[in-house]
Protein chains: 2
Amino acid sequence: MPTTRWLDESQQRHWRALLTGTSALFAALNHDLEAATGLALNEYEVLVRLSEAPDRTLRMSVLAEGLVHSRSRVTHTVRRMEEQGIVRRQRSSEDGRGVECAMTEKGWEVLVAAAPLHVQSVRDRLVDVVSREELATIGEAFERVAERITENPPS
Amino acid sequence: MPTTRWLDESQQRHWRALLTGTSALFAALNHDLEAATGLALNEYEVLVRLSEAPDRTLRMSVLAEGLVHSRSRVTHTVRRMEEQGIVRRQRSSEDGRGVECAMTEKGWEVLVAAAPLHVQSVRDRLVDVVSREELATIGEAFERVAERITENPPS
DNA sequence: CAAGCCTAGTTGAATGTTGTACTACTGGTA
DNA sequence: TACCAGTAGTACAACATTCAACTAGGCTTG
């Protein structure tokens with residue numbers, strides 16, 4: 001059992017800033033979006049993924065993987081969205097186990113209405129607050145972080 | 001109503017990387033910590049804040065502000081922690097409305113046992129994955145992001 | 001083609017979080 | 001000292017998330 005390599009003071013400070021900063025950021029984005037459109041950030045993300053997919057349709061497991069959510073969480077989220085009529089589910093024709101989630105026309109309209117507001121909010125709270133270089137550094141760093149976690153998942 | 005300034009492709013990619021990267025990161029840290037110590041990341045953070053405070057004691061509202069959690073969430077978290085015997089609550093003597101949350105001796109022991117494991121996990125999943133400069137950039141950027149949100153809170 | 005194992009997705013219960021309304025105390029003002 | 005607006009915290013209900021079964025279909029091997 002090796003002795004602990006503690007974080008030094010500045011590492012500590014930066015890590016803490018990330019922790020509270022992201023917490024504040026996501027809370028604010030969620031709040032902005034929900035106030036303006038009634039949509040939660042999770043739901044919005046589902047719509048974005050669907051909008052980019054062929055036939056605006058994705059398998060549940062693809063959604064789960066892309067959003068980094070548990071399968072069960074996606075099931076519940078999509079069920080709620082289905083009740084609002086913004087997505088629809090149907091059994092996959094190729095794989096009898098699979099379920100495809102498709103965006104409805106109403107879902108598309110909801111997304112189109114929400115997108116400009118959300119983008120403005122992301123700009124106000126993040127993109128226009130950091131420099132282009134900082135954003136690039138952040139993006140690349142977290143790409144690596146995510147990759148590492150995929151290679152070596154918890155549990 | 002001005003036309004939307006959309007994100008360009010690289011901004012889009014970096015923003016998405018942050019979104020999924022932090023999601024994966026916090027899920028992994030939470031999982032590591034919970035598996036090793038039975039403590040959730042939230043609860044750990046409460047203990048850390050208390051451990052740094054005079055008398056290892058903080059007002060509920062100070063905890064809420066520091067953790068960027070709602071007052072109600074902190075009430076619940078602290079109640080659960082009190083049931084485990086790692087913190088204790090008492091009415092504030094100076095302000096009759098206030099409640100002070102103090103770390104117990106058991107809480108201190110739990111924190112001391114958990115800290116090395118948690119630090120290792122933070123290193124493995126973040127600190128040792130990015131360069132010192134990247135971490136500094138990230139920390140400073142998010143400090144600014146948080147500041148901006150404080151100046152201009154949602155709702 | 002049957003057995004066993006894997007993957008996809010759902011279910012329901014336990015747990016956690018949010019939002020609103022409420023109690024209680026404070027501090028300032030008349 | 002009586003009022004009133006504001007602050008601290010909690011209670012309860014609605015909602016979201018997690019976790020551990022569970023159903024069902026696919027894939028591989030003998």
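Below, chains carry the letters A, B, ... as their sequence lines are ordered, and counting in each starts from 1.
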Within 6.0 Å of [atom1] in [X], more than 12 heavy atoms from elsewhere:
X	atom1	answer
B/Asp55	CG	no
A/Glu65	CD	no
A/Glu82	CD	yes
A/Glu9	CD	no

Are there any protein N/O atoms within less than 3.5 Å of an N/O atom in nucleotides 3-6 of chain D, and if so, which ones and at what distance?
{"residue": "D/dG6", "atom": "N2", "partner": "B/Arg97", "partner atom": "NH1", "Å": "3.1"}

Starting at atom [atom1] of [X], determine the distance to atom [atom2] of [N], rounded to an integer number of angstrom.
X	N	atom1	atom2	answer
A/Asp95	C/dG9	CG	P	8 Å
A/Asn30	D/dT17	CG	C1'	14 Å
B/Arg71	D/dC12	CZ	P	17 Å
B/Arg91	D/dT10	CZ	C1'	10 Å
B/Glu65	D/dG9	CD	P	11 Å
A/Gln90	C/dT10	CD	P	13 Å

(Q) Under 4.0 Å between a side-chain nitrogen and a carboxylate oxygen: does that hold for A/Arg16 and B/Glu52? (A)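 Yes, this pair counts.
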Q.
Under 4.0 Å between a side-chain nitrogen and a carboxylate oxygen: does that hold for B/Glu83 and B/Arg79?
A.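 Salt bridge flag = yes for B/Arg79 with B/Glu83.
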Hydrophobic clustering (ILVMFWY, side-chain heavy atoms < 4.5 Å, transitive) - are [Y] and [X] grouped together?
X	Y	result
A/Leu25	B/Leu19	yes
B/Val145	B/Val130	yes
B/Trp108	B/Leu47	yes

Q: Go through the steps to decide whether B/Arg5 and A/Asp128 satisfy the test side chain to side chain contact (heavy atoms under 4.5 Å, CB included), and finish with yes or no.
A: CA-CA 11 Å; B/Arg5 291 190 304 128; A/Asp128 290 350; 2.8 Å; yes
Q.
One character per nucleotide, please: for nucleotides 11-20 of chain C, 5' to 3', B when the base has a protein heavy atom closer than 4.0 Å, S when only the sugar-phosphate does, - otherwise.
A. BB---SSBB-
Q. When you measure from every atom of DNA chain C, which of residues 54-64 of chain A have a heavy atom less than 4.0 Å away?
A.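 Heavy-atom contacts with DNA chain C come from A/Arg59, A/Met60, A/Ser61.
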Q.
Under the criterion side chain to side chain contact (heavy atoms under 4.5 Å, CB included), I'd like the reasoning laid out for B/Asn42 against B/Arg73: C-alpha separation, chi angles, the key distance, then a yes or no.
A. CA-CA 10 Å; B/Asn42 290 340; B/Arg73 180 172 176 183; 2.7 Å; yes
Q | Nearest-nucleotide comparison on DNA chain D, the residue closer to the 5′ end among B/Val99 and A/Gly96 | A |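 Taking each residue's closest nucleotide, the earlier one in sequence belongs to B/Val99.
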